[in-house]
Amino acid sequence: PGVPLAEQRAEDMTTMRNLVRADGGGWWAAASASAGVAWAEEWRPEPTVVAGVRHVVFGHDAKRRLQRHEHATGLDTGCCYGGELT
């Protein structure tokens with residue numbers, strides 16, 4: 001959160017599952033879901049980062065199934081693992 005798109009690491013954007021609070025008050029991205037909180041819980045629209053974006057829809061997080069947060073929705077319900085299709 002709070003990092004302009006152009007300054008974000010491609011690895012973080014493609015592997016991040018959770019955010020972990022840093023000692024200085026910021027966040028760091030974690031590929032593991034075992035530490036911190038789901039990034040979608042903390043994501044807030046920031047007009048200075050991506051203008052006009054108020055809600056993010058994403059997939060590829062089947063372990064958590066359907067996620068509904070104020071500003072983000074995760075659609076992956078694990079259909080390929082026997083879950084229902086969203």
Side-chain angles (χ1 to χ4, degrees):
V3 179
L5 188 59
E7 295 176 25
Q8 294 183 26
R9 295 174 0 137
E11 181 181 357
D12 289 343
M13 292 189 292
T14 57
T15 64
M16 176 175 51
R17 294 277 186 245
N18 278 16
L19 291 171
V20 178
R21 181 71 76 177
D23 291 336
W27 297 94
W28 60 271
S32 169
S34 62
V37 297
W39 70 265
E41 292 178 29
E42 296 296 328
W43 190 85
R44 304 290 181 272
E46 296 183 33
T48 59
V49 177
V50 183
V53 175
R54 295 183 180 269
H55 199 91
V56 174
V57 177
F58 64 96
H60 302 286
D61 197 357
K63 271 189 163 176
R64 289 190 173 111
R65 307 293 220 180
L66 179 63
Q67 299 176 63
R68 296 180 184 177
H69 303 285
E70 184 176 356
H71 300 288
T73 301
L75 297 178
D76 196 335
T77 55
C79 182
C80 66
Y81 303 112
E84 293 184 21
L85 182 63
T86 46

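Positions are given from 1 along the sequence. All figures in this text were calculated on a predicted structure; none of them were measured in a lab.
Taking the ring centre of Trp27 as origin, the terminal cationic atom of Arg21 falls inside the region bounded by 6.0 Å and 45° from the ring axis.
The other residues sharing a hydrophobic cluster with Val20 are Trp28, where clustering joins ILVMFWY side chains under 4.5 Å apart. Grouped by direct or indirect side-chain proximity (heavy atoms under 4.5 Å, Ile/Leu/Val/Met/Phe/Trp/Tyr only), Tyr81 sits alone.
Not counting sequence neighbours, the partners of His55 by the side chain to side chain donor-acceptor pair (under 3.5 Å) test are Thr73. Scored by the salt bridge (Lys or Arg N to Asp or Glu O under 4.0 Å) test, Arg64 finds Asp61 as partners (sequence neighbours excluded). Judged as a salt bridge (Lys or Arg N to Asp or Glu O under 4.0 Å), and not counting sequence neighbours, the contacts of Glu11 are Arg9. Evaluation of the side-chain contact (heavy atoms from CB on, under 4.5 Å) rule for Glu7 yields Val3, Pro4 as partners, not counting sequence neighbours.
The structure places CG of Leu75 at 9.5 Å from CZ of Arg68, a figure rounded to the nearest 0.5 Å. Here the OG-CE distance, from Ser32 to Met16, works out to 13.5 Å after rounding to the nearest 0.5 Å. Distance CG/Asp76 to CD/Gln67: 9.0 Å, rounded to 0.5 Å.
Nearest heavy atom pair, residue Ala40 against residue His69, reads CB-CD2, 3.4 Å. Considering all non-hydrogen atoms of both residues, Asn18 and Ala35 come closest at ND2-O, 2.6 Å. Residues Arg65 and Gly83 approach most closely at NH1-CA, 3.8 Å, considering heavy atoms.
Here the side chains of Trp39 and Val56 are in contact, with some heavy-atom distance below 4.5 Å.
Remark: the backbone N or O of Glu84 is paired with a side-chain donor or acceptor of Thr77 at under 3.5 angstrom.
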